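Below is one structure, written out as structure tokens, with a few remarks after it.
Residue numbers start from 1 in every chain, and the chains themselves are labelled A, B, ... in the order their sequence lines are given, proteins ahead of strands. FYI, side chains are in, hydrogens and waters are out, and symmetry mates aren't considered; it's all heavy atoms of this structure. The structure displayed is predicted, hence computed values, not measured ones.
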There are 2 protein chains.
Amino acid sequence: MGERRASGTRPAVRTTTVAVDVAILAPMGTELAVLVQAGGRAGAAGSAELPWDGIRPSDTLDDAADRIARAALGFAPAWLGQCGTWSDTRRHPGGARTSVGYLAVCPGSATGAPVGENGAWVPMSAQPSLMPRQRAVLDAAAMLVQSRIDQSPLAFRFLPAAFTLSELQAIYELLLDRKLHKASFRRALHAARLVAPLDEWRSEGRGRPAQLFQYAPARRRSVRRAVRFDLIAPTPGR
Amino acid sequence: MGERRASGTRPAVRTTTVAVDVAILAPMGTELAVLVQAGGRAGAAGSAELPWDGIRPSDTLDDAADRIARAALGFAPAWLGQCGTWSDTRRHPGGARTSVGYLAVCPGSATGAPVGENGAWVPMSAQPSLMPRQRAVLDAAAMLVQSRIDQSPLAFRFLPAAFTLSELQAIYELLLDRKLHKASFRRALHAARLVAPLDEWRSEGRGRPAQLFQYAPARRRSVRRAVRFDLIAPTPGR
DNA sequence: CGAATTAGTCACAATGTGCGACAAAAGTCA
DNA sequence: TGACTTTTGTCGCACATTGTGACTAATTCG
């Protein structure tokens with residue numbers, strides 16, 4: 001003991017095979033959907049896979065994730081963020097020992113259009129059968145959405161730039177999986193000064209036309225609030 | 001266009017060199033400190049480094065991080081969590097192209113004892129001069145602490161199992177960098193039913209002895225709360 | 001035109017938070 | 001011993017935030 005380094009040996013880097021795996025999520029109807037592609041062995045059971053690739057010499061991980069998401073979607077995702085990294089022997093479509101997982105978010109309009117030749121949007125509830133490694137990435141991506149909803153404007157990335165407040169509320173209800181009260185939702189939203197009205201209205205079939213808004217956070221007083229003990233979940237996370 | 005994969009090529013894994021870098025944080029006096037070790041070239045300016053190592057064939061990343069933290073500290077950290085992964089050309093002590101960053105947390109008692117032959121606790125405000133890659137890891141670790149304070153019992157990991165409420169409040173004040181009101185702090189803490197009193201008191205010099213508590217989250221009603229728009233920061237993170 | 005439907009707001013009750021005041025239990029020191 | 005200091009721990013009130021149902025507004029449908 002008293003050894004400076006792990007187990008008395010000097011630290012040394014090792015070589016590994018690495019892939020970037022991207023879970024691309026978008027709202028579809030009343031729930032989230034994930035974009036999967038047919039695997040290498042088409043027709044085989046459990047052959048769906050998340051879009052993935054290796055990293056190129058000049059790539060950062062963010063570069064690679066953006067490239068993979070663009071290639072799968074045909075356009076850039078509205079948001080990208082890392083959701084974890086794993087290195088183990090679980091199966092991966094490319095046989096990578098190490099996977100860097102990313103979450104990509106895009107508006108619901110994407111789930112209405114076809115995605116390439118072998119892409120498909122699968123509802124999260126349908127539990128697409130992925131290889132174990134990619135299953136871990138998808139689970140972590142879903143967790144990341146949950147943990148970031150209240151801390152970042154992630155919910156807005158599931159919508160186009162201009163949206164109605166009812167659409168925004170529907171996204172929050174989808175992500176949080178519970179009904180919200182319209183008046184409370186709007187009161188809190190406006191108090192936070194996160195959206196600005198556009199001089200534009202949209203009529204969606206019957207009913208009064210809804211005003212369009214855009215995400216436009218205003219400089220707001222950084223009030224010192226209480227410690228939020230009520231948000232603490234028993235497990236300290238991953 | 002219409003291509004199924006990135007740039008029309010089939011996806012393929014690549015090889016990279018990888019290190020696990022661990023930012024070990026603990027309270028020291030009134031601020032956080034990070035554990036650094038003297039680098040390979042002792043005495044050289046900017047030679048401090050975070051504990052790091054490669055991954056072993058049977059290691060998961062969590063295994064490696066735990067091993068590295070134990071070796072540096074002499075005991076297991078109270079908490080470990082991934083804070084990000086980077087793959088770029090920034091300098092790293094081991095020359096790794098890819099780094100998996102971890103945050104390790106341990107109680108303040110650690111910062112009073114010596115740490116191995118060439119370890120030292122450096123206050124975060126002192127900005128230890130690390131190589132660029134490890135600087136990124138440390139910054140991400142600090143961000144992770146901030147983002148998890150309200151979502152997980154992370155603050156409790158900076159304390160021993162038994163603690164006084166004043167100690168807990170001091171940790172929160174240190175992490176949030178602001179004074180908290182004692183009565184409000186305790187009211188919210190007890191309302192969340194996160195701690196249980198021990199039948200033990202501790203006298204710290206003068207003043208009334210403080211009762212000791214332990215972290216013991218009780219099953220509490222999962223009240224449906226409002227969407228917390230006020231916590232949303234303008235940037236969607238990382 | 002009236003019913004149905006969706007958007008948007010209001011008022012009030014219930015709950016939560018900031019904050020000062022104060023009581024309780026110990027040590028310090030004349 | 002007894003006043004003074006220091007720290008723990010609680011109470012109560014003013015004020016802010018949130019939950020909820022009721023209400024008005026603007027549009028389509030038949």
Considering heavy-atom distances to DNA chain D, does Val227(B) or Ala183(B) have its closest nucleotide positioned more toward the 5' end?
-> Ala183(B)
In a check of ring pair (Phe, Tyr, Trp, His ring centres under 6.0 Å) between Phe229(B) and each of Tyr215(A), Phe185(A), Phe156(A), which one passes?
-> Phe185(A)
Considering only side-chain heavy atoms of Leu165(B), which listed nucleotide, dG27(C), dA25(C), dG9(D), is closest?
-> dG9(D)
Toward the 5' end of DNA chain C, which comes first, Arg228(B) or Pro209(B), by nearest nucleotide?
-> Arg228(B)
Considering only heavy side-chain atoms of Lys182(B), the closest of dT8(D), dG27(C), dG8(C) is dT8(D)
Neighbour count above 12 (heavy atom, 6.0 Å) for Met143(A) CE = no
Selected nucleotide, minimal atom distance to Arg225(B) side chain, candidates dG19(D), dT17(D), dA26(C) = dG19(D)
Rounded to the nearest angstrom, tell me the gap between atom CG in Leu168(A) and atom C1' in dT6(C).
-> 17 Å
Say whether Asp62(B) and Tyr102(B), considering side chains only, have a donor N or O and an acceptor N or O under 3.5 Å apart.
-> yes
Whole-Å distance, Gln211(A) CD to dA25(D) P, equals 17 Å
Between atom CZ in Phe163(B) and atom P in dG9(D), what is the gap in whole Å?
-> 12 Å
Separation of atom CH2 in Trp201(A) from atom P in dA25(D), rounded to whole Å | 16 Å
So what does Glu204(A) hit on the nucleic acid, given a heavy-atom distance under 4.0 Å: a base, only sugar-phosphate, or nothing?
-> nothing
OG1-CG distance between Thr85(B) and Leu61(B), expressed to the nearest 0.5 angstrom | 7.0 Å
Counting any heavy atom closer than 4.0 Å, what does Arg187(B) reach on the DNA or RNA strands: base, sugar-phosphate only, or nothing?
-> base
Just checking Ser166(B): base, sugar-phosphate only, or nothing, at a heavy-atom cut-off of under 4.0 Å?
-> sugar-phosphate
Spacing of Arg206(B) atom CZ relative to dA25(C) atom C1', expressed in whole Å | 15 Å
Would you name the heavy atoms of Thr164(B) and Ala210(B) that are closest together and state the gap between them?
-> CG2-CB, 3.6 Å
Sorted by position of nearest nucleotide on DNA chain D, 5' first, the leading residue of Arg186(B) and Asp230(B) is Arg186(B)
Spell out yes or no: do the side chain of Arg208(B) and the base of dT8(D) have one donor N/O and one acceptor N/O closer than 3.5 Å?
-> yes
Could you give the CZ-to-P distance, from Phe185(A) to dT20(D), as a whole number of Å?
-> 16 Å
Starting at CD of Glu167(B) and ending at P of dG9(D), how long is that distance when rounded to a whole Å?
-> 11 Å
Residue His181(B), side-chain atoms from C-beta onward, closest of dT20(D), dG9(D), dC19(C) | dC19(C)
How close or far is atom P of dG8(C) from atom CD of Gln169(A), stated in whole angstroms?
-> 11 Å
